[in-house]
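Written out below as C-alpha cells is the structure these notes cover.
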Amino acid sequence: MQTAHLKIGSDWQESENGKTITLNSPWDLNPFAQIQAASAKQATLAIDMAANSFLTWRNTSLSARLEIFEKIIARLIQSKDELAQVLSKEIGKFPKDAESEINRSIGYIKLVMQALAQQTGRLYYGDITGQYESMRKTGLYTREPLGVILAISSFNYPINLSITKIAPAILAGNTVVFKPATQGSYSATAFYSKFFEAGLPDGVLNIVTGSSSEIGDVLITDERIKLIAFTGSTGVGRHIGKISTGIPLLLELGGKDAAIVTNNADIEVATSEIVSGGFSYCGQRCTAQKIVIAYDGIADKLRDKLVEKSALLDLNPMIDEASADYIGELITDATEKGAHLALSGQRSKNHWQASIIDKISPEMRIFSEEQFGPVLPIIRVKDEQEAIKIHAELKYGLQASVYSQDIDEAFRISSKLEVGTVQINARTDRGPDNFPFGGVNDSGQFMQGTIETLELMTRGKLTVVNLHNLD
Ligand code: G3H
C-alpha cells in the first residue's frame with residue numbers, strides 16, 4: 001500500500017513508534033494508503049527544525065524566495081494530473097473537482113506572489129508634531145515575518161485550505177509546521193513533496209501527520225509557535241483558543257450559510273445556485289448553502305423547483321459512514337418534530353443522495369447544527385423582518401446569500417446580516433481566491449485572502465532615522 005512519511009527538517013521519516021493510520025477511500029471504503037502517526041517528540045522536533053530554519057529563511061532575499069516558488073509552480077504543473085487522481089481517491093471528490101482544487105491552488109500561489117511584490121511600507125515624518133526641536137525623526141515602517149507558523153487544514157480541501165496558509169506564510173519569510181487533517185494527509189504530503197523537489201530548503205516546511213489527540217496540543221501549546229492558521233470545526237477552534245499561548249489565531253470554522261429568497265427573487269437563478277451551493281461535494285463545504293430562508297410568497301414554488309433539480313443529482317460519497325449517520329440523525333429529528341421531508345435521498349453506507357426538508361423550525365437540530373452533508377432545510381418566513389430575525393438566531397456568521405432582483409431590498413437585507421461575506425444572487429462560495437474571506441461569531445475570526453493573509457502573517461516594525469545638526 002502507498003505510504004506517506006513525515007517531513008521533519010531534511011528527513012522523510014516514519015513514526016518513531018512504528019504507528020501508522022490506514023486511510024480508506026470514501027468511494028468504496030477500501031484501504032487506500034497509509035500515513036505515519038507522529039509521536040509527541042516528533043511534533044516537537046518539527047518545531048525545532050522550523051525554528052532553526054527561520055534564522056536563515058527570514059534573511060533569504062525576496063527575489064530568491066520568489067524564484068523558488070516559480071520552480072514550485074512549474075513542478076506542480078507537471079504533476080497536477082497525478083496529484084488530482086490521488087486527491088479524488090482520498091477524499092471522495094469528483095475528478096473534475098479535484099483537478100479544480102489543484103489548479104486553483106497553483107493559481108493562488110501566483111496571486112500571493114503578485115500581492116507580495118506590491119507590498120509597500122510607509123514613511124512617517126516626525127517634525128509634524130513639533131515635539132523634537134533638536135533633531136529630525138523619520139520613521140520607516142516595514143513588515144517582518146513572525147517566525148514559526150502552525151498550519152492545520154481540514155479534510156475537504158487538503159490542498160487548497162493548506163496552500164492558503166502555507167504559501168503566504170513561507171513567501172513572507174516565516175517557516176511552517178503543517179498538520180493536515182488525517183483524511184487528506186496523503187494527498188497533502190504528495191503535493192508538498194513537490195516543493196522540496198523544486199528546491200524549497202529543508203526545514204522551511206515540516207509536515208507532521210497523525211492523531212490530533214497525540215500531537216495536537218503539543219503543537220498548539222509550544223511557545224515558539226507565533227501564529228496558528230486553522231480550518232476545521234468550531235469545537236476544535238474553541239479548544240485552540242483556550243489552550244494556545246495568546247498568539248494570533250486565524251480561524252476558519254463552521255458555517256450555516258443561509259440562502260434568503262425573497263418574493264422578488266429570480267426563481268431560476270435562486271434554484272440553480274442553491275442546488276449547486278447546497279450539494280456540491282455532497283454539502284461538505286464550510287460555505288455550502290446550509291439553510292434556505294424562503295418568503296411565504298415564493299416558498300412552495302421554490303421548494304418544488306429545488307426538489308425537481310436536486311432529485312437529478314448524483315452525488316459523490318461522504319467522507320465516512322459516521323458523517324452519513326449524523327445526516328440520518330438530523331433528518332429523523334426534524335421529521336419527528338413535524339418537518340416535511342420533501343425529497344428523501346437514498347442512502348447506502350456513506351453514499352447519500354440529496355434530501356430536502358421543508359417547514360423546519362428553530363427547535364429542530366438541523367436549524368442550529370451544521371449538517372456538513374447532503375440535506376438542505378427550508379424555513380419559511382412571512383417577510384423581511386422575520387427573515388432577518390431568523391438569520392440572527394443562527395450562531396454562525398461565515399457567508400449568506402440574498403436572492404432578490406430588487407437591488408434596494410438586497411442591499412437592505414445584506415446590511416443587516418452579521419457575516420463575513422454576503423453574496424447577492426449567487427451561491428455562498430469562497431472564491432475567487434483573491435477575494436477576502438472569513439467569518440464572525442462561531443465561524444471564526446479575521447478576513448484572510450492574499451494581501452490580508454500576508455498582513456496577518458507579518459508584523460509591523462518601525463525603524464527611526466534620527467538626524468542631528470541640521471542647522
Ligand atoms: O470548507 C471550507 C472552504 O473554505 C469552502 O471553500 O467555498 O471554495 O468551497 P469553497
Side-chain angles (χ1 to χ4, degrees), residues 26 84 87-88 90-94 96-109 111 151-168 180-184 187-188 229-237 249-259 273-291 315-316 318-319 323 369-374 376 396-401 419-424 426-450 452-453 456:
L87 180 62
S88 166
E90 183 175 14
I91 61 159
K93 200 167 254 194
F94 283 125
K96 72 172 176 18
D97 294 335
E99 279 158 31
S100 140
E101 180 170 347
I102 303 288
N103 287 332
R104 132 185 217 191
S105 301
I106 296 171
Y108 177 78
I109 299 174
L111 289 170
I152 307 176
S153 60
S154 51
F155 81 80
N156 58 345
Y157 284 95
I159 309 301
N160 194 257
L161 286 174
S162 57
I163 196 67
T164 48
K165 301 165 177 55
I166 291 170
T182 297
Q183 195 91 23
S187 321
F230 169 77
T231 301
S233 72
T234 304
V236 176
L249 305 176
L250 311 191
L251 301 177
E252 184 202 336
L253 308 177
K256 193 79 187 175
D257 294 7
E273 290 291 315
I274 293 170
V275 169
S276 145
F279 296 114
S280 60
Y281 190 45
C282 213
Q284 300 171 118
R285 299 163 52 238
C286 57
T287 48
Q289 300 262 228
K290 297 206 180 88
I291 184 165
L315 302 180
N316 57 279
M318 294 190 72
I319 196 72
S323 312
E369 295 179 31
E370 183 187 21
Q371 61 268 42
F372 222 72
L376 191 57
Y396 294 97
L398 193 57
Q399 296 204 351
S401 298
V419 292
T421 305
V422 179
Q423 304 274 352
I424 294 178
R427 69 178 218 172
T428 42
D429 203 349
R430 182 161 44 108
D433 286 344
N434 61 327
F435 281 15
F437 171 70
V440 295
N441 300 330
D442 279 5
S443 291
Q445 58 184 6
F446 293 121
M447 293 301 273
Q448 304 177 45
T450 53
E452 295 75 16
T453 306
L456 292 162

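All residue numbers in this chain count up from 1 along the given sequence. Ligands are counted one by one from 1 in listed order, and the atoms in each one are counted from 1 as well.
Enumerated by chain and number, the residues approaching ligand 1 to less than 4.0 Å through a heavy atom are Arg104, Asn156, Tyr157, Leu161, Glu252, Arg285, Cys286, Thr287, Asp429, Arg430, Phe437.
Using cut-offs of 30° and 60° on the angle between ring planes, the pair Tyr281 and Phe155 is tilted.
Applying the side-chain hydrogen bond (donor to acceptor under 3.5 Å, both in side chains) test between Lys256 and each of Gln371, Glu370, Gln289, Glu369 identifies Gln371 as the sole match.
Within the 4.5 Å cutoff, the side chain of Leu87 has heavy atoms near those of the Ile102 side chain. Side-chain contact between Arg285 and Asp429 is present, with at least one heavy-atom pair separated by less than 4.5 Å.
Of the possible polar contacts, none joining the Ser153 side chain to the Ser162 backbone as a donor-acceptor pair under 3.5 Å is found.
Using a cut-off of 4.0 Å between Lys/Arg side-chain N and Asp/Glu carboxylate O, Asp257 and Arg427 are scored as not salt-bridged.
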